[in-house]
Amino acid sequence: MEDLQSALKDCGLSVSTVPEKGRSLFATRDFYPGDVIIGQEPYVCVPNNSPLSTPKRCDGCLTTSNVLRRCSRCHVAYYCRTACQRSEWKLHRLECEVLSRLDKDKRKSVTPSIRLMVRLYLRRKLQDDKVISSTAMDNYNLVEALVAHMSDITEEQLVLYAQMANLVYYILQWPEINIKEIAENFSKFACNAHTICDSELRPVGTGLYPVISIINHSCLPNSVLVFEGRSALVRAVEHIPIGTEVLISYIETAGSTMTRQKALKEQYLFTCTCPRCSKLGQNDDTQESAILEGYRCKSDKCGGFLLHTTDGKGFQCQGCQLVMGKEEVKETITEIELLSEEAASKSSFSCGYQEVISIYKKIEKLQTELYHPFSVSLMQTREKILKSLMELEHWTEALAYCKLTIPFYEKVYPSIHPLLGLQYYTCGKLEWYLGEIEEGVKSLTKAVDILRITHGTNTPFMKDLLMKLEEARAEASYKFSSVDS
């Protein structure tokens, strides 16, 4: 712990134990929006490759490529180039040895989670044997210090972890490790491992970052966790004065307090007491929940939100007091659920995007009549339509749907949030491509203003975005000067 404190001191950070929260990370200097608070390489990580997944990702850099080569011995690892294979060789040499002993059927059971655990023990062995070095921020003791919450998990989860632990024990065949310890580490993974995402927040792998795992959650975070390749970076999104706790969000925050609390309890086994969650049951929170996840007044002239009537037999508008019966709501919800099942079925059987879009547009129409314009469910449906339209290269209609989502993003996320920045980016790209150059410049400028804080400016994605903005500005300037002359 002393070594860790010393290493963190150089970063302007310290670890303290807070009642009800455990270990927490605090700033020992001021951080400002865009500052990198801490960066860490994974203790272990794996790409999201399973036996049936396509396309595969490189074990070294987690990118996809048309020239990925599979390890000829174990048939599990993939590499895009020699440099990636070399960077992984010390660890994969041991991993390859244990995986290649498995028969073909057993090898299919090696999911990313199983592989992550196998690699955890192999890396510990390499550090114990001094094959690879240990540092204050890179050693197995940091993994041991992570909270497992074993007393809080369900019997069903315990059984699952035990089964997975048995498989890891079978793969490694090391008598010195015990199944109970492996099962406990699976519980640690569930609470502490991070989904590694690319610059557009698409999942690419899973990694364990033991120091970054010390950072606690808030539904109103002052920093954001992003990734550059497999490196994890925590960036400030607001001024963090000296002595302030560094906080990130573990979950999607666009939801009611009840929804967020449920997600945190199920996945991370704690109850959030952040300023946003402490308002549970208050008028502002009730109104926000009703708008995000409740129903709207069926009167077009009103558009207010509904709450349960005192007798529980229906819903009453808090604006015009109009009552909507429970059966009327239930009928629409049932219709939406049936259509959603049909859309999911069509998607799983690789039916045409156009057919799926048609079903989602029926869902959208029903949701527009039932839900508030800022409903999470309505936004999710529009996102699915947008994604399908982009796949079909129906750019004009895709832009119209992207513009429909922007007000939602602006309402539910803080002004500096990566998802809001990425939505402006998508909108700006489409506007520019379709000739709405001035609007495109505005949207891309908004994207850059946010993403340079959350993402920095050194990644290929951000360099490409900055170049797009400069090209769009130049085109807008040329168009303006041509019209002027």
Side-chain angles (χ1 to χ4, degrees), residues 31-36 197-202 219-228 233-240 248-249 252-255 291-292 373-376 378-380 382-387 389-390 394-480:
F31 289 97
Y32 295 92
D35 285 352
V36 175
C197 296
D198 65 12
S199 293
E200 296 185 61
L201 303 188
R202 295 172 297 209
C219 299
L220 287 171
N222 53 25
S223 51
V224 63
L225 174 63
V226 293
F227 296 88
E228 292 184 8
L233 299 174
V234 177
R235 291 182 182 274
V237 294
E238 59 184 54
H239 176 214
I240 303 175
I248 60 174
S249 176
E252 166 61 80
T253 55
I291 289 171
L292 292 175
F374 292 118
S375 157
V376 174
L378 177 58
M379 185 279 296
Q380 289 170 342
R382 285 175 171 164
E383 281 287 358
K384 288 170 184 172
I385 295 171
L386 171 59
K387 184 179 178 182
L389 289 168
M390 297 279 278
H394 290 182
W395 307 124
T396 302
E397 196 177 359
L399 175 57
Y401 268 92
C402 193
K403 286 181 175 179
L404 280 176
T405 66
I406 291 289
F408 175 88
Y409 278 74
E410 290 174 331
K411 181 173 178 62
V412 301
Y413 295 117
S415 58
I416 304 298
H417 193 286
L419 285 174
L420 177 60
L422 289 169
Q423 206 69 359
Y424 282 137
Y425 166 67
T426 301
C427 195
K429 277 197 306 180
L430 289 168
E431 286 167 334
W432 182 30
Y433 179 76
L434 292 168
E436 297 180 22
I437 302 170
E438 290 180 25
E439 291 303 309
V441 168
K442 289 177 186 175
S443 296
L444 289 173
T445 300
K446 288 178 180 178
V448 166
D449 288 345
I450 295 170
L451 296 176
R452 71 163 66 247
I453 292 172
T454 61
H455 286 53
T457 55
N458 292 325
T459 61
F461 168 79
M462 283 304 297
K463 288 176 181 177
D464 180 63
L465 171 54
L466 290 165
M467 190 180 297
K468 278 185 171 68
L469 177 57
E470 286 307 307
E471 289 175 8
R473 281 175 173 164
E475 196 172 325
S477 179
Y478 175 78
K479 183 181 177 182
F480 180 76

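No experiment lies behind these values; they were computed from the predicted model shown.
For the pair Ile291 and Lys411, the tightest heavy-atom approach, listed with the atom from each and the gap, is CG2-CE, 4.3 Å. The shortest non-hydrogen separation linking Pro418 to Leu201 is CB-CD1, 4.0 Å. What you find for Cys427 and Ser443 is that their closest heavy atoms are SG-OG, 4.1 Å. In terms of heavy atoms, Ala472 sits closest to Ile437 at O-CG2, 3.6 Å. When all heavy atoms are compared, the tightest approach of Cys402 to Leu430 is CB-CD1, 4.3 Å. When all heavy atoms of Gly421 and Ala447 are compared, the closest pair comes out as O-CB, 3.4 Å.
To the nearest 0.5 Å, atom CD1 of residue Ile385 and atom CE of residue Met390 are 14.0 Å apart. Ser223 OG to Arg235 CZ: the interatomic distance, rounded to the nearest 0.5 Å, is 11.5 Å. In this structure, the separation between CG on Leu465 and OH on Tyr425 is 6.5 Å, given to the nearest 0.5 Å. The OG atom of Ser415 sits 12.0 Å away from the NZ atom of Lys446 when rounded to the nearest 0.5 Å. Note that CG of Leu420 is 6.5 Å distant from CD1 of Ile406, once rounded to the nearest 0.5 Å. One distance of note links CG of Leu378 with CG of Leu292; it measures 12.0 Å at 0.5 Å rounding.
Glu475 and Trp432 are linked by a side-chain donor-acceptor pair at a separation below 3.5 angstrom, with hydrogens and angles left out of the test.
When each of Leu225, Val36, Val224 is tested with Val234 by the rule side chain to side chain contact (heavy atoms under 4.5 Å, CB included), just one qualifies, namely Leu225. A side chain to side chain contact (heavy atoms under 4.5 Å, CB included) with Val237 holds for exactly one of Asp35, Thr454, Ile450; it is Thr454. Test Leu466, Leu422, Thr459 against Leu451 for side chain to side chain contact (heavy atoms under 4.5 Å, CB included) and you get one pass: Leu422.
Using a 4.5 Å cut-off on side-chain heavy atoms (C-beta onward), Glu252 and Leu419 make contact.
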- Message: Walk me through whether Glu383 and Gln423 qualify under side-chain contact (heavy atoms from CB on, under 4.5 Å).
- Response: CA-CA 10 Å; Glu383 281 287 358; Gln423 206 69 359; 3.0 Å; yes
- Task: Might you work through the side-chain contact (heavy atoms from CB on, under 4.5 Å) test for Asp198 and Phe227, ending with a clear yes or no?
- Result: CA-CA 7 Å; Asp198 65 12; Phe227 296 88; over 6 Å; no
- Task: Start with the C-alpha gap between Glu471 and Lys468, add the side-chain angles, then the distance that decides, and say whether salt bridge (charged side-chain N to carboxylate O under 4.0 Å, His left out) holds.
- Result: CA-CA 5 Å; Glu471 289 175 8; Lys468 278 185 171 68; over 6 Å; no
- Please walk me through it: do Phe374 and Val412 pass side-chain contact (heavy atoms from CB on, under 4.5 Å)? CA-CA 8 Å; Phe374 292 118; Val412 301; 5.7 Å; no
- Check against side-chain contact (heavy atoms from CB on, under 4.5 Å), Ile416 and Glu238: CA-CA 8 Å; Ile416 304 298; Glu238 59 184 54; over 6 Å; no
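No more than 12 heavy atoms of other residues, nucleotides or ligands lie within 6.0 Å of CD in Glu438, so this atom counts as exposed by the packing criterion. Environment of NZ in Lys387: sparse, with no more than 12 heavy atoms of neighbouring residues, nucleotides or ligands closer than 6.0 Å. A 6.0 Å sphere centred on OH of Tyr413 holds more than 12 heavy atoms belonging to other residues, nucleotides or ligands.
Between His455 and Phe461, the two ring planes are tilted [angle within 30° to 60°].
Using a cut-off of 4.0 Å between Lys/Arg side-chain N and Asp/Glu carboxylate O, Lys403 and Glu436 are scored as salt-bridged. Using a 4.0 Å cut-off between a side-chain N of Lys or Arg and a carboxylate O of Asp or Glu, Arg473 and Glu470 qualify as a salt bridge.
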